[in-house]
2 protein chains.
Amino acid sequence: MKRRNTQQRKVILDILRSTDIHPTADWIYERARQYIPNISLGTVYRNLKILRDEGLILELSDGKQSRFDGRIDEHFHFKCSNCNSIYDVDTEEAVRINEEILQKEGYQVHSYDITFTGICPKCNGSQN
Amino acid sequence: MKRRNTQQRKVILDILRSTDIHPTADWIYERARQYIPNISLGTVYRNLKILRDEGLILELSDGKQSRFDGRIDEHFHFKCSNCNSIYDVDTEEAVRINEEILQKEGYQVHSYDITFTGICPKCNGSQN
DNA sequence: GTATATGCAAACAATTTGCACGCCT
DNA sequence: AGGCGTGCAAATTGTTTGCATATAC
């Protein structure tokens, strides 16, 4: 299928690349309306799906909602169970994956997702 | 809150502990009906939430659905993008986590979830 | 010009919830 | 006896989809 380059898709991708809060579709929709006032939520969903299928963004499932990530280089996530924020974790030394072991058992690994859960520095400090 | 020991909750936990397919709420509901024919889906959902909050089971989010896991010892998951099955991965040598590095940055880690995605041995062999 | 993408609203699917009654403790 | 848990059905929420029109190419 030949894909068109629509203003809507460009705006959505720009928004995702300019934040690190891993927003929901709805958050992206509200922000996109500032640039294209009559954009529809359906269009946001359709484009997020397209961008994800093209490998330009990541879709994270957070309970029953999806969140989206404009960063596609290797990194991990930390989810605070107090404030529900999702942080990017860049300390690659914290994780060491040996895919070969899985491959020897017949698994063909394409990607992996690592999410830590706990209390973030902000909530940890302020005790709430 | 004082918790009662209901037949419904016991059946649900037994079902989850006797399978490794990481079932959905609906699958658990259908199976539970074999033991308690008039159990309701709402009750299944309510008890899964309770069991998860008590730390007796794990909730995995699989797209927009949730799946549940009766195993709570440390292990990882492999999701086949062909058949959508979720496998348990027990090779602890495949993953090495250094929580200390995160702790030094102020993160208080309670748990982590690691999910590999790719093609499972079954689908890999049969090419479909 | 033509086919893909859009806006809108209705449809869907998974999950949650209000309520009156039931049953553990 | 008292209150948490249940069954039932309706309500909610996040997401998807059909259709007529608009727009990128």
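Values below: every heavy atom of this structure, side chains too, minus hydrogens, waters and symmetry copies. Here is the naming used below: chain letters follow the sequence lines, and residue numbers restart at 1 for every chain.
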Does B/Arg67 use its side chain to pair, donor to acceptor, with the backbone of B/His22 at less than 3.5 Å?
yes
Using modelled atom types and a 3.5 Å cut-off, is there a donor and acceptor pairing between side-chain atoms of A/Ser18 and backbone atoms of A/Ile15?
yes
Roughly how many Å is it from [atom1] in [X] to [atom2] in [N], rounded to a whole number?
X: B/Gln8; N: C/dC23; atom1: CD; atom2: P; result: 9 Å
X: B/Ile39; N: D/dG5; atom1: CD1; atom2: P; result: 14 Å
X: A/Ile36; N: C/dA5; atom1: CD1; atom2: C1'; result: 12 Å
X: B/Asn38; N: C/dG22; atom1: CG; atom2: C1'; result: 11 Å
X: B/Gln65; N: D/dT15; atom1: CD; atom2: C1'; result: 13 Å
X: A/Lys10; N: C/dT4; atom1: NZ; atom2: C1'; result: 20 Å
X: A/Asp62; N: C/dA14; atom1: CG; atom2: P; result: 19 Å
X: B/Asn47; N: C/dC24; atom1: CG; atom2: P; result: 13 Å

To the nearest 0.5 Å, how far apart are CD1 in A/Ile50 and CD in A/Gln8?
11.0 Å
First locate atom CG of A/Asp20, then atom OH of A/Tyr87, and finally report the distance between them rounded to the nearest 0.5 Å.
9.5 Å
Touch check for A/Asp26, heavy atoms < 4.0 angstrom, all strands: base, sugar-phosphate only, or nothing?
nothing
What does B/Thr24 touch in the nucleic acid at a heavy-atom separation under 4.0 angstrom: a base, only the sugar-phosphate, or nothing?
nothing
Within the 4.0 Å limit for protein heavy atoms, which parts of nucleotides 16-25 of chain D are touched? Write it as a string from 5' to 3', B for base, S for sugar-phosphate only, - for none.
BBB----BBS
I need the full list of salt bridge (charged side-chain N to carboxylate O under 4.0 Å, His left out) pairs touching residues 33-47 of chain B, with sequence neighbours left out, sorted by first then second residue.
B/Glu30-B/Arg33
List the steps, then state whether salt bridge (Lys or Arg N to Asp or Glu O under 4.0 Å) holds for B/Asp53 with B/Lys49.
CA-CA 6 Å; B/Asp53 289 345; B/Lys49 222 171 163 183; over 6 Å; no
Within a strict 4.5 Å, meaning less than it, do heavy atoms of the B/Asp113 and B/His77 side chains meet?
yes
D/dA9 OP1/OP2 closer than 4.0 Å to side-chain N/O of B/Ser40
no
